[in-house]
Amino acid sequence: MSIIKDVEKELTTIIQTLGYKIEKVTLQPSGRPDLGEFQINDAFPLAKENHCSPREIAEKITQELKKEKKFKNINIAGAGFINLSFSEKFYLDSLKKLSKDIQSNIDKEPKKKIIIDYGGANVAKILHVGHLRSANIGEALKRLAKLLGGEVIGDVHLGDSGLQAGMVISEMKERYPNLPCFKENYQKEDFHLPITSEDLSIIYPEASKKAKENEEKMEEARKITALIQKKHLGYTTLWNKIKDLSIIEIKKIYEDLNTSFDLWEGELDSFQYIPEMLNDLRDKNLLQQSEGATVMDIKEESDKKEMPPIILIKSNGAYIYETTDLATIYGRVKRFSPDEIWYVVDSRQELHFEQVFRAAKKSEIVSKNTKLEFIGFGTMNGLDGKPFKTRDGGVMSLSFLISLVNKETRKRLNPMITDKKEQEEISKMIAISAVKYADFLPYRTTDYIFEPSKFADLEGKTGPYLLYSTIRMKSLLKKSEKMGYQSYKISKLKNETDKEIIQILITLPKILKKSYEFKSLNDIAEFLYKLTNTYNKFYSEHHILTCEDENLKTTWLSLTEVVYQTNLLLLDILGIRVPEKM
Ligand code: ARG
């Protein structure tokens, strides 16, 4: 159990012993640090229940608390806010617990099986800035859920059944008409895919341009896409080869982003469930015909806004995004029986998911208890406040975006690093930390502006600042090891900053819980900055290694170790790698 939860439990017992009915006391960081480090507001609801003044209750509680050695400066503010601080002994004991194992200070959530659908890369297309946020947030939420005890499955849910399939195949047909897969009587014989990833990156934009300019081409793309959806042997074989090639490139970028998936499935994998699912819906009398399309009504009485029916089969017989997402849920329930499925996708897709979720619930594809959660995120904008585009208005590729930040981190690299390859690797790692950290700082649904030089700054709330500071902690610890220290005795604190660091560390479980509840990493990002910044203040106030008081010195080293470990843990949750040097 975490330190803070332990104290809360104790406080609860104290108040219960006074005869009050209370389930759980909540200890909060004080809004008035001049009066105390933490505060308790429970006198207010208790006063209501007991028909007396909050002050009266607060007084009774404080009298009891004064008997406890761990507290000091217990006082009542306003109508009944109880402020309190902890004694030095409490802080030293807390540090001892943390230094044994920082994980012991983490409270687990009720164990759940969770599928996280994130990433969402599209086969044969480039990854763009929209995919960046999904990868960052999804990966971090996956790591957080695991840390808090969840059984988590990450699925990239590749976009592979859309029109790009038909476009690319049609273009391939034009370029390589003699490929065996295009023969009328193609019988599965193997062949070599004559293109590279580089070719592919040109083929899709070109095919898309042609289809947009020429209705006939577009029609052909539609036809081929429909045939792939129906598993046409030749086209499917070719598309699978293209998919493999594309996945290699997609994986490289995810690897840079420190993002990995348990499942590499896609929309096409859901097609096997579609007939069964549609039969099920038909049996339940949930399907209607509307202008040639097959739809399902999902309106609810309490609706205040327009809720269009969900289309499952288009009038031309094709399945669409809605169909594959519903069938994917169908398959996931069948294979994994998850308690929750989370979707980390651009907020602009919210209506789509609301439709799909409603259909899944109404048709009982998922049980009432299964939680389907849309975790939308805002856009990353350019300086003009509009979604980030290339200069000519095109989609900005993710690798280009990273290269823009990389230019900035490169400039700030330690000149002592002279090996070219090392320079490149470290600079890229820092650039990604810069992009990721900037991405986590605002609340998940908030839009933010892409500012490479600000993100890459070594000062302020940035990834590089955190990395730099963390590396410095490590090198301090290494030096102490060389001086012969193997473990650090904890016995003495010196000033307010020492205490403040432990005070911050104690609040971590609350931060993790909040991030988990809101599915937003901003509180963890802020926490990391606050902890690091306070540590840096401590670092400049004390000459740790040359301190003559051994008791202080080893306590300080232990504090350094705990902050270092905490930073590593949290940076890892955020999917940020720490280089050896920078
Ligand atoms: N491929 C989609 C896109 O690029 C995102 C997929 C999101 N996940 C899902 N189950 N629909 O917009």
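Each ligand, and each atom within it, is numbered from 1 in the order the structure gives.
- An N or O contact shorter than 3.5 Å is missing between Y343 and ligand 1 by distance.
- At a 4.0 Å heavy-atom cut-off, ligand 1 does not touch L158 at all.
- Checked against a 3.5 angstrom limit, the closest N/O atoms of F353 and ligand 1 fall outside it.
- Separation of the Y176 and F182 ring centroids does not fall under the 6.0 Å cut-off.
- The protein atom (non-hydrogen) at minimum distance from atom 8 (N) of ligand 1 is D117 OD1, 3.1 Å.
- Proximity of a side-chain donor or acceptor of S347 to a complementary backbone N or O of F377 within less than 3.5 Å is detected.
- Using a 4.0 Å cut-off between heavy atoms, D325 contacts ligand 1 through its side chain alone, with no backbone atom that close.
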Taking it one step at a time, do Y319 and F271 satisfy ring-ring contact (aromatic ring centres under 6.0 Å, His included)?
CA-CA 9 Å; Y319 301 136; F271 276 72; 5.8 Å; yes

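- Minimum heavy-atom separation, I116 to K142: CD1-CA, 3.5 Å.
- Relative to atom 9 (C) of ligand 1, the option among H157, H131, H128 with the closest non-hydrogen atom is H157.
- K361 NZ: more than 12 foreign heavy atoms inside a 6.0 Å radius.
- With N381 contributing its side chain and F388 its backbone, the two residues share no donor-acceptor pair below 3.5 Å.
- Listed by atom number, the atoms of ligand 1 under 4.0 Å from Y321 heavy atoms are 2 (C), 5 (C), 6 (C), 7 (C), 9 (C), 11 (N).
- The shortest contact between atom 12 (O) of ligand 1 and any protein heavy atom is with Q349 NE2, 2.9 Å.
- Considering backbone and side-chain N/O of H352, none are found under 3.5 Å from N/O of ligand 1.
- A side-chain N or O of Q349 and one of Y321 form a donor-acceptor pair less than 3.5 Å apart.
- Under a 4.0 Å heavy-atom criterion, E267 is not in contact with ligand 1.
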